[in-house]
Amino acid sequence: MIDTNIIKLLKNSRRVAVLTGAGISAESGVPTFRGADGLWKNYRPEELASPIAFRNNPDMVWEWYSWRKNLIKNCAPNPGHYALAKMEKLFEKFTLITQNVDGIHRQAGSDNILELHGNINRNFCCECRKEYPDNDLVLGSKVNRCSCGGLIRPAVVWFGENLPEEVLEKAFSAVVDCDLFISIGTSSVVYPAALMPLKAKEEGAALIEINMEPTPLTPESDFFLKGACGVILPNLMEDVHNA
Ligand code: OAD
């Protein structure tokens, strides 16, 4: 049973911004970045997801992304993703900002999605920027090369790189314009995404956080719902529906 004040808040909100992180896809089988699941062959994500790592060892970075790509191809949306797709229809304005690169929100039927960190299903040449779908590439332990000779990399944002400007602008405009901000399944440590709930609050929005564990954002949140988002989000939607 969800706190009735949260249900009232949802009922009374008109413009909602949601930020999701790896936690929402955990129940679909996509490993999160931090915590016990986050390590791959003893490397931390920060050591793999960077332009320097790719320059120094493109084969290893490509192998990690090939592993993630193959894993994600076999994952389907979970009840948390579907609940958010339904939630979109409840409000005058609803913006789903995601740090996830897995594309699962779209599969679940969400529409107004801003992918802050790109999409793992796309790739491009580092030299000539030509785009390549996964089907044209070999996923495995050897990096692919473009017809121009350049290395082909996944179209995700790496540590030390700028986020896509237009996406970031749209995200911040939703953040400052919302009356309710919901942060879901993110450790709230990677910037600029981690700034978004704080900025929304500063601009007067109410703040709900959903996570298995408290995060640096928890003390700032008006409501903290502790638990799995694949359970909490469908419950939230059901209570809103029945209220
Ligand atoms: P993290 O792996 O840092 O955090 C996942 C969060 O989800 C943690 O706070 C968990 O407690 C929580 N969590 C796990 N399972 C959950 C569940 N079933 N229900 C609710 N919460 C759950 O992932 P992000 O915060 O998304 O960036 O990481 C942010 C960025 O750092 C990623 O986008 C990626 C990474 O390095 C880039 O690759 C640029």
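Read the numbers this way: they start at 1 and go in the same order the structure lists the ligands and their atoms.
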Taking only residues two or more places apart in sequence or in another chain, which ones pass side chain to side chain contact (heavy atoms under 4.5 Å, CB included) with Ala171?
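Side chain to side chain contact (heavy atoms under 4.5 Å, CB included) list for Ala171, sorted by chain: Ile97, Leu114, Leu116, Met196.
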Residues forming a side chain to side chain contact (heavy atoms under 4.5 Å, CB included) with Ser50, sequence neighbours excluded:
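Ser50: side chain to side chain contact (heavy atoms under 4.5 Å, CB included) contacts with Ile52, Ala53.
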How close do Ser110 and Ala85 get, counting heavy atoms only, and between which atoms?
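Closest heavy-atom pair between Ser110 and Ala85: OG-CA, 3.5 Å.
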Near ligand 1, at a heavy-atom separation below 4.0 Å: residues by chain and residue number
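Only Gly21, Ala22, Gly23, Ala26, Glu27, Thr32, Phe33, Arg34, Gln99, His117, Val157, Phe159, Gly185, Thr186, Ser187, Val190, Asn211, Met212, Glu213, Gly227, Ala228, Cys229 have heavy atoms that fall under 4.0 Å of ligand 1, ordered by chain and number.
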Take atom NZ of Lys86 as the centre, draw a 6.0 Å sphere, and report whether it contains more than 12 heavy atoms from other residues, nucleotides or ligands.
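At most 12 heavy atoms, drawn from other residues, nucleotides or ligands, come within 6.0 Å of this atom.
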Could you tell me whether Glu131 atom CD has more than 12 heavy atoms of other residues or ligands within 6.0 Å of it?
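No.
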Which residues share a side chain to side chain donor-acceptor pair (under 3.5 Å) with Ser221, sequence neighbours left out:
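With sequence neighbours excluded, Ser221 shows a side chain to side chain donor-acceptor pair (under 3.5 Å) to no residue whatsoever.
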